[in-house]
Amino acid sequence: MDIASLKSQHPDHWMRAAAIRTLTLDAVAAANSGHSGMPMGMADVATVLFSRHLKFDAANPGWIDRDRFILSAGHGSMLLYSLLYLTGTPGMTLDEIRNFRQLGAVTAGHPEVGHAPGIETTTGPLGQGLANSVGFAIAEESLRARYGARVIDHHTYVIAGDGCLMEGVSQEALALAGHLKLGKLIVFFDNNNITIDGPVSLSDSTDQKRRFAASGWHVQDVDGHDPAAIDAAIAAAKASRKPSMIACKTHIALGSAAQDTSKGHGALTSPELIADTKAAYGWPHAAFDIPADIKSWWEGVGSRGAAERAAWEGRLAAMPASKRATLERTMAGEAPKRLARAIAAHKQTLSETAPKMATRKASEMALGVINPIMTETLGGSADLTGSNNTLTPDMGTFDTSNRKGRYLYFGVREHGMAAAMNGMALHGGVRPYGGTFFCFADYARPAMRLSALMGVPVTYVMTHDSIGLGEDGPTHQPVEQLAMMRATPNANVFRPADAVETAEAWELALTSNKTPSVIALSRQGLPTVRTEHKKRNLTAQGAYVLQEATARRSAIIMATGSEVQVALAARDMLEAEGVGTRVVSMPCWELFAQQDESYRRRVLPGGAVRVAVEAGVATGWDRWLCGEGGRAAKSAFVGMDSFGASAPAGTLFEHFGITADAVAQRVRDLL
Ligand SMILES: Cc1ncc(C[n+]2csc(CCOP(=O)(O)OP(=O)(O)O)c2C)c(N)n1
Ligand SMILES: [Mg+2]
């Protein structure tokens, strides 16, 4: 539909959608940066969705049972900000729109969750929002099965562009959604045939509709500027039991000189172009000026769901009290009170029996304690269930026939798994964890970074955490992944030394609200080093004195995970020679860094020489070897400075010199 027929056939709709288009032009012009074309192209779809379908109540943007709207094409952020402003969503004022992309404004360049209500997830890295949406839809299905459709029954709507669909993660996401028949997931594909470099035909000739259909999606084609057609397509999508993709044929930068060109993708800031475009729209109003009748119509859209929400409040109140309390507790992200006691009892048993076991196995044992108590966990693995030890009895499989199942077979889709877990955590009410080999954190990395940036408490169960995995060789042996994850702000990286620290790491992961956790776990068996039961969670301090020097302290050996036993054995040798040696276990650097200076100094006092041992690269260890606590006399690192190799684990530790002998020798060399 062209502008002339839109104006004549749908004059009211036209002006309402034009409000989005002109706010976008004005905000981008004010910022002198941003993306104008996508909001101008998708304004009609958004107007129909918000005014006729999206279940929301702008005054109560935290309503649990609202439909979720996810702007996967996050560069089009002004589309979302315009909608939130126009509908009167709290936090999105005209001043914020005027300050688009400025420091401190909620209207960041790309939507950032937490900046303002109505921003459901952080998008911008293309494909992520689409992949998050699969997690949102899984969470909705799971909660609907548990709590009933009277309290949980909503859709997840997504706008994804050519770029989102080109990104590899889109394939993982849509295949999983199709397989799981996530019927309440509805994706609008902004089919404008333009990306930054030019027409899509430069680099892609995929038949997107057939691709989605091949994975079990309900697929439609629609003129993305025709409100009646859009309305009918959404109605059909809602009626389908499959996830739906609506390919919306749109014109990027509609009505401007840059329409249908890649120039329209970016910032349209020329005053003449803006004036001409507004003239073509029949929009005589000043910059940022929305006529009262149009604003009030949009505010009516914003309050359209108020009665429905009030009725929902009634249904919530009528729920059995304990069920309601659980829903509210889990939506708030709080762990059940019983968790701490259960973990403490589990730790006591472990310290008393001192098993030798792989920490991946210890993780399974911890989950065996946690999962029956914390029924909001949704666990899974990217096709390594038996290796990641992520499945515990009685979880049931989340599939098309059992939405109450709590275990997800994510398939060989690390990136899709991580992004879906972000969506689940953002939706709330469920606590996702997922496993793969630590080395394949690289495959999940873009979504792991966003877990940290968004501050969502996803737990990554990363087994096979070093050369200690042995024969599978260097392709599977993480060397630099610990450093990579530690370099990421707001991510807690745990590398527990034994079953006790593993239980402690899990407790911390599941009580975290704003920080994702990476738990790096061994394939090989490890002795229990925490043989004396302590109710207190020592891992919460990040690092602690595991073994004190008996002779006068001349050395401190720091270690994590499987190398803690190496440190202890080196200490035995040194103590036998009269060299007083303290061993510090450091299961979580980030938590140690958060302790006050006096604690850090007590754990790492000055004077002694320091040696760190870890089967990974040295990157980052300088801080603890020379930068923290008192001044170390001298220091050294024992670890990896190359990729690993394929051989039995014991042979590899010898080959790469990560042994008690080597550690003790480094201490002697330094003294
Ligand atoms: C992962 C990732 N790679 C690259 C970019 C940079 N980028 C932003 S928008 C865009 C093109 C997107 O094309 P499309 O989705 O069709 O959006 P449209 O131009 O139609 O608005 C690119 C490459 C990005 N944001 N994320
Ligand atoms: Mg495009």
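Order of appearance sets the numbers: ligands from 1, and atoms from 1 within every ligand. Values reported hereafter were calculated over all heavy atoms of this structure, with side chains retained and with hydrogens, waters and symmetry mates removed. Quantities reported herein were computed from a predicted structural model and do not represent experimental measurements.
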S.K.: Suppose I only count heavy atoms of D162 and a 4.0 Å limit; which atoms of ligand 1 are within that range?
M.R.: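 Matching atoms, with element in brackets: 14 (P), 15 (O), 16 (O).
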
S.K.: What about the rings of Y409 and F398, do their centers lie closer together than 6.0 Å?
M.R.: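 No, ring centres 6.0 Å or more apart.
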
S.K.: Starting from atom 16 (O) of ligand 1, which protein heavy atom do you reach first, and at what distance in Å?
M.R.: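 Here the closest protein heavy atom is I194 O, 2.8 Å.
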
S.K.: Does any N or O of ligand 1 fall below 3.5 Å from an N or O anywhere on H265, backbone included?
M.R.: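 So ligand 1 has an N or O lying under 3.5 Å from an N or O of H265.
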
S.K.: Would you please determine whether G124 falls within less than 4.0 Å of ligand 1 on a heavy-atom basis?
M.R.: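 Within the 4.0 Å threshold, so yes.
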
S.K.: Centroid separation under 6.0 Å, is that true for the rings of H110 and H75?
M.R.: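 No; H110 has its ring centre 6.0 Å or more from that of H75.
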
S.K.: OD1 (N192) to the Mg ion (ligand 2) to OD2 (D162): angle, nearest 10 degrees?
M.R.: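 Result: 80°, to 10°.
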
S.K.: Taking only Lys NZ, Arg NE, NH1 and NH2, and the carboxylate oxygens of Asp or Glu, determine whether R21 and D44 approach each other closer than 4.0 Å.
M.R.: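 A salt bridge links R21 with D44.
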
S.K.: Check the angle between the aromatic planes of F437 and F440 and answer parallel, tilted or perpendicular using the 30° and 60° thresholds.
M.R.: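 F437 vs F440 ring planes: tilted.
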
S.K.: Using distance alone, decide if ligand 1 has a nitrogen or oxygen within less than 3.5 Å of any nitrogen or oxygen in I252.
M.R.: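 Not met; the criterion fails.
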
S.K.: Give yes or no for whether the N/O distance cutoff of 3.5 Å, strictly under, is met between G161 and ligand 1.
M.R.: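 In this structure, G161 places no N or O atom under 3.5 Å from an N or O of ligand 1.
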
S.K.: Taking the ring of H464 and the ring of H476, is the distance between their centroids below 6.0 Å?
M.R.: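 No.
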
S.K.: Could you tell me if the side chain of D26 sits less than 4.5 Å from the side chain of F100, heavy atoms only?
M.R.: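 No, side chains not in contact.
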
S.K.: Examine the proximity of ligand 1 to E167 and report which part, side chain or backbone, both or neither, has a heavy atom under 4.0 Å away.
M.R.: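 The part of E167 near ligand 1 is the side chain, not the backbone.
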
S.K.: Does G37 have a non-hydrogen atom less than 4.0 Å from ligand 1?
M.R.: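 For ligand 1, residue contact (heavy atoms, under 4.0 Å) with G37 is absent.
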
S.K.: List the closest protein heavy-atom neighbour of atom 21 (O) of ligand 1: residue, atom name, distance to the nearest 0.1 Å.
M.R.: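 Checked against all protein heavy atoms, atom 21 (O) of ligand 1 sits closest to H75 NE2, 2.7 Å.
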
S.K.: Closest non-hydrogen protein atom to atom 14 (P) of ligand 1, residue and atom name please, with distance?
M.R.: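 Heavy-atom neighbour on the protein nearest atom 14 (P) of ligand 1: G163 N, 3.5 Å.
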
S.K.: Do W298 and F50 make the cut of ring centroids closer than 6.0 angstrom?
M.R.: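 No; F50 has its ring centre 6.0 Å or more from that of W298.
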
S.K.: Assess the pair F212 and F189: is the distance between their ring centroids shorter than 6.0 Å?
M.R.: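 F212 vs F189: aromatic centres not under 6.0 Å.
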
S.K.: Regarding K249 and D221, does a basic nitrogen lie under 4.0 Å from an acidic carboxylate oxygen?
M.R.: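 Salt bridge between K249 and D221, a charged N being under 4.0 Å from a carboxylate O: no.
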
S.K.: So if I count the atoms of ligand 1 from 1 in the order they appear, which ones are less than 4.0 Å from some heavy atom of M38?
M.R.: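 Under 4.0 Å from M38, ligand 1 has these atoms: 21 (O).
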
S.K.: Could you tell me whether the side chains of R413 and Q171 share a donor-acceptor contact shorter than 3.5 Å?
M.R.: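 No, no side-chain donor-acceptor pair sits under 3.5 Å.
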
S.K.: If the cut-off is 4.0 Å to any non-hydrogen atom of P125, which atoms of ligand 1 fall inside it?
M.R.: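 So the atoms of ligand 1 that pass are 26 (N).
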
S.K.: Below 2.8 Å, any N, O or S contact between I194 and the Mg ion (ligand 2)?
M.R.: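 Yes.
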
S.K.: At what distance is the nearest protein heavy atom to atom 13 (O) of ligand 1, and which residue and atom is it?
M.R.: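 Nearest protein contact, heavy atoms only, for atom 13 (O) of ligand 1 is T195 CG2, 3.4 Å.
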
S.K.: On a heavy-atom basis, I'd like to know which of N192, I196, I159, L126 is closest to atom 20 (O) of ligand 1.
M.R.: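 Looking at heavy atoms only, N192 sits closest to atom 20 (O) of ligand 1.
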
